[in-house]
Amino acid sequence: MSFKVTAAGASHEPTLHCPNCNHEIRLTESLAAPLLAEIRQRFQQQLASKDAEMERKTEALRLEREQVAKDREQIEDHVAKRLIAERAQLVAAESKKAREAAAAELQAKEAEAAELRANLLTNNAKLAEAQNSKPN
């Protein structure tokens with residue numbers, strides 16, 4: 001079948017040519033209506049199919065976005081917990097260092113005090129000896 005616009009008359013109606021006898025048949029509204037209805041139904045089915053596919057894709061995208069948001073929240077929670085734990089470890093390590101430094105400083109001061117006491121005892125002994133050896 002082939003469509004052809006005829007130049008006969010003022011109206012231009014599409015025509016069909018019979019493949020067997022090559023007879024020209026005008027495509028009137030009554031002949032075209034079933035074809036148009038079939039084509040319209042096919043396009044409506046395709047449109048409904050595309051709409052359903054678009055709806056499925058939209059739903060899948062929405063679910064994926066929700067999952068990404070949940071995953072992001074879990075990661076942020078994990079990072080926050082890890083940060084808190086690392087801060088606690090850092091605080092504990094720094095506290096230990098500070099205690100060790102204070103203990104070392106205290107030991108150094110005690111050693112210095114012991115040395116000064118020893119020097120004082122030595123000086124007191126020398127002073128006492130000097131005072132005893134002096135004639136009155």
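FYI, the numbering just counts along the sequence from 1.
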Would you sort out whether Lys126 and Thr122 count as a side chain to side chain contact (heavy atoms under 4.5 Å, CB included), showing the intermediate values? CA-CA 6 Å; Lys126 287 181 183 178; Thr122 304; 3.9 Å; yes
Take Phe43 and Leu47 through the test side chain to side chain contact (heavy atoms under 4.5 Å, CB included) and record every step on the way to the result. CA-CA 6 Å; Phe43 281 132; Leu47 182 60; over 6 Å; no
Please lay out, stage by stage, how Glu59 and Arg56 fare under the test salt bridge (Lys or Arg N to Asp or Glu O under 4.0 Å). CA-CA 5 Å; Glu59 181 65 17; Arg56 282 192 307 272; over 6 Å; no
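Taking Lys50 as the reference, nothing meets the salt bridge (Lys or Arg N to Asp or Glu O under 4.0 Å) condition, with sequence neighbours excluded. Listed by chain and number, the residues in a side-chain hydrogen bond (donor to acceptor under 3.5 Å, both in side chains) with Lys81 amount to none (sequence neighbours excluded). With sequence neighbours excluded, no residue forms a salt bridge (Lys or Arg N to Asp or Glu O under 4.0 Å) with Lys70. Residues passing the salt bridge (Lys or Arg N to Asp or Glu O under 4.0 Å) test with Glu105: none are found, sequence neighbours excluded. Contacts of Gln46 classified as side-chain hydrogen bond (donor to acceptor under 3.5 Å, both in side chains), with partners at least two apart in sequence or in another chain: none. The side-chain hydrogen bond (donor to acceptor under 3.5 Å, both in side chains) check on Gln89 picks up nothing, with sequence neighbours excluded. Partners of Arg42 according to the side-chain hydrogen bond (donor to acceptor under 3.5 Å, both in side chains) rule, which considers only residues two or more places apart in sequence or in another chain, are Glu38. By the salt bridge (Lys or Arg N to Asp or Glu O under 4.0 Å) test, Glu115 is found to be paired with no residue, residues two or more places apart in sequence or in another chain being considered. When the side chain to side chain contact (heavy atoms under 4.5 Å, CB included) test is applied to Asp71, the partners found at least two apart in sequence or on another chain are Gln67, Gln74.
To the nearest 0.5 Å, atoms CG (Asn132) and CG (Leu127) are separated by 9.5 Å. Remark: Gln131 CD to Asn124 CG distance equals 9.5 Å, nearest 0.5 Å.
Under a 4.5 Å side-chain heavy-atom criterion applied to ILVMFWY residues, the cluster that includes Ile75 comprises Val79 as well.
Of the possible polar contacts, one joining the Thr58 side chain to the Met54 backbone as a donor-acceptor pair under 3.5 Å is found.
At most 12 heavy atoms of other shown residues, nucleotides or ligands fall within 6.0 angstrom of atom CZ in Arg40. Residue Glu66 places its CD atom among more than 12 non-hydrogen atoms of other residues, nucleotides or ligands, all under 6.0 Å distant.
Applying the salt bridge (Lys or Arg N to Asp or Glu O under 4.0 Å) definition to pairs two or more places apart or across chains, those involving residues 84-94 are Arg82-Glu86, Glu94-Lys97.
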Compile the donor-acceptor pairs under 3.5 Å between side chains in residues 107-114 and protein atoms, sequence neighbours left out, one pair per line.
none

